[in-house]
Amino acid sequence: MAGTGIHPYLQQWAPAATAPPPPPPSVASTVPLPPPIVIDNTARSASDEVRTIFITGLPEDVKERELLNLLRWLPGYEASQVNFKGEKPMGFALFSTAQLAIAAKDALQEMVFDVESKSVLHTEMAKKNLFIKRGIVADSSTYDQSKRLRTGGDYTHSGYTSPSPFHPPPAHIWGPHGFMAPPPPYDPYGGYPVPPVPMPAPSPVPAPNNYVPVQNAKDNPPCNTLFIGNLGENINEEELRGLFSVQPGFKQMKILRQERHTVCFIEFEDINSATNVHHSLQGAVIPSSGSVGMRIQYSKNPFGKRKDASHHVAAPGSNGALPAMTYQ
DNA sequence: AGCACA
C-alpha cells in the first residue's frame, strides 16, 4: 500500500494519531498539574514553585507579540510579558509547571533572537512568578505596549496538534514529541475545532517521553554537527535514529558504540538546524535510555572538516614557493 | 565525560 511515503512533517506532529500516549495515572480528570516526572520536587508543593522565566538580551525594539509568537510553541506556555527597564526589555514567561519552565529556559538559552541586532537571549528562572491579571487586559485607553500582558496561544496546553495542516509547528524548536514531559490531562482532540489530518503512520518514532535538565557546562563552537552523549547503556539505535532523522535539516548520523558510553554524531544541513535541535532536544529522555537525559553538544569535529588541520593552507599562489608535489 | 567519518 501507500504506507511508505509519509510526509516528514506529518510524522512530526502526529503525536497520538492511532497510538495515544499512555494515559496518565487515572486521577480526577480535571487536575491541572500532575507531573509524574522524575524530578523530585516532592519537598515543595508544586503550587508555589516558580514557573516563570526571565529573559534578557531582547533587542530594544522587540514587540511583545514577537516574544509571544516565539514562546507560544513551547510546552506549557501560559503567558508572557515584556517590561522595559529604561530601554532594556525584560521578558517574562509563565509556564504551567516549573519543569516546563526550565525546559523552556534551556531551549531559549543563547538563542539568537535577531541576527541583525545581534541579540542573543539569556534566560534564567525568574525570582517570582509572573502575575496574571484575571480577565481582560485592563487598560485599553493607555495602550501601553510595554506593559501589556497577554495570555497566549492555546496550542501548547492542548498538546501538539498543529493549528493548521499547512503550518506545522516549528518542530525544529521542540522536536517531534520533543519535551513531552508530563502527558497533560487533556484529550488530544477534545475541543479542537478541526479534525486532525488523517494520520498514515501509527507511531513510527519512539519519541522522547520525558525531559531532564542536563548540565552542559562545556560546549564547542556551533557547527553543523551535534555530538550526543549521556545516552545510557542500553540505548536503542533505532530509536535514536528515529528521533533525529525526522528533525528538520537532518542529513546523516553516526552512532558510535563505546564500552560504556554510546555517543552519536548528527550532521545537519546547516548550523541553524543543528542549533535548533541542540536546544530542542537537550536533556530529552527517550525510552531506551532509561531515565537519563541526553547531553547535546556541538561536535568538536564537524562532518566535512578534517580533524587534523596540520596542513595550514596558504592562499593558493600567494607566495611563489610551491611545495614539492603540486601537480594535481 | 564519552568526539568518528571524510
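We name chains A, B, ... by the order of the sequence lines, and we start the count at 1 in each one.
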(message) So if I take every side-chain heavy atom of A:K300 and compare against B:dC5, B:dC3, B:dA1, which nucleotide ends up nearest?
(response) B:dC3
(message) So if I take every side-chain heavy atom of A:T225 and compare against B:dG2, B:dA4, B:dA1, which nucleotide ends up nearest?
(response)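 Given the options B:dG2, B:dA4, B:dA1, the side chain of A:T225 is closest to B:dA4.
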(request) Begin with the C-alpha distance, continue with both residues' side-chain angles, and end with the deciding distance and a verdict on side-chain contact (heavy atoms from CB on, under 4.5 Å) for A:F268 and A:L226. (result) CA-CA 8 Å; A:F268 292 86; A:L226 296 180; 3.5 Å; yes
(request) Let me know, please, whether A:G304 or A:I228 comes out on the 5' side of the other along DNA chain B by nearest nucleotide. (result) A:I228
(request) Name the residue closer to the 5' end of DNA chain B, choosing between A:F303 and A:N230 according to the nucleotide with the nearest heavy atom. (result) A:N230
(message) Under 4.0 Å between a side-chain nitrogen and a carboxylate oxygen: does that hold for A:K105 and A:E124?
(response) no
(message) Strictly below 4.0 Å, N to O, side chains only: are A:E78 and A:R51 in salt-bridge contact?
(response)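 A salt bridge is present here (some side-chain N lies under 4.0 Å from a carboxylate O).
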Whole-Å distance separating the [atom1] atom of [X] from the [atom2] atom of [N]:
X      : N     : atom1 : atom2 : result
A:L256 : B:dA1 : CG    : P     : 18 Å
A:N224 : B:dC3 : CG    : C1'   : 14 Å
A:F227 : B:dA1 : CZ    : C1'   : 8 Å
A:I296 : B:dA1 : CD1   : P     : 16 Å
A:Q258 : B:dC5 : CD    : P     : 11 Å
A:E259 : B:dG2 : CD    : C1'   : 11 Å
A:K218 : B:dA1 : NZ    : P     : 7 Å
A:K251 : B:dA4 : NZ    : P     : 20 Å

(message) If hydrophobic clusters are built by linking Ile, Leu, Val, Met, Phe, Trp and Tyr wherever their side-chain heavy atoms come under 4.5 Å apart, do A:I271 and A:F227 end up in the same one?
(response) no
(request) On the 0 to 90° scale, with breaks at 30° and 60°, tag the A:F54-A:F92 ring pair as parallel, tilted or perpendicular. (result)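 Taking A:F92 first and then A:F54, their aromatic rings sit tilted (interplane angle of 30° to 60°).
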(message) So A:T262, base contact, sugar-phosphate only, or nothing? Heavy-atom distance under 4.0 Å.
(response)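 Contact class for A:T262: none.
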(request) State whether the distance check finds a donor on one side and an acceptor on the other, under 3.5 Å, for side chain A:R295 versus base B:dG2. (result)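 Indeed, a donor on one side and an acceptor on the other fall under 3.5 Å apart.
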(message) Going by centres under 5.5 angstrom and planes under 30 degrees, do the aromatic ring of A:F265 and the base ring of B:dA4 stack?
(response)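 Answer is yes, a stack.
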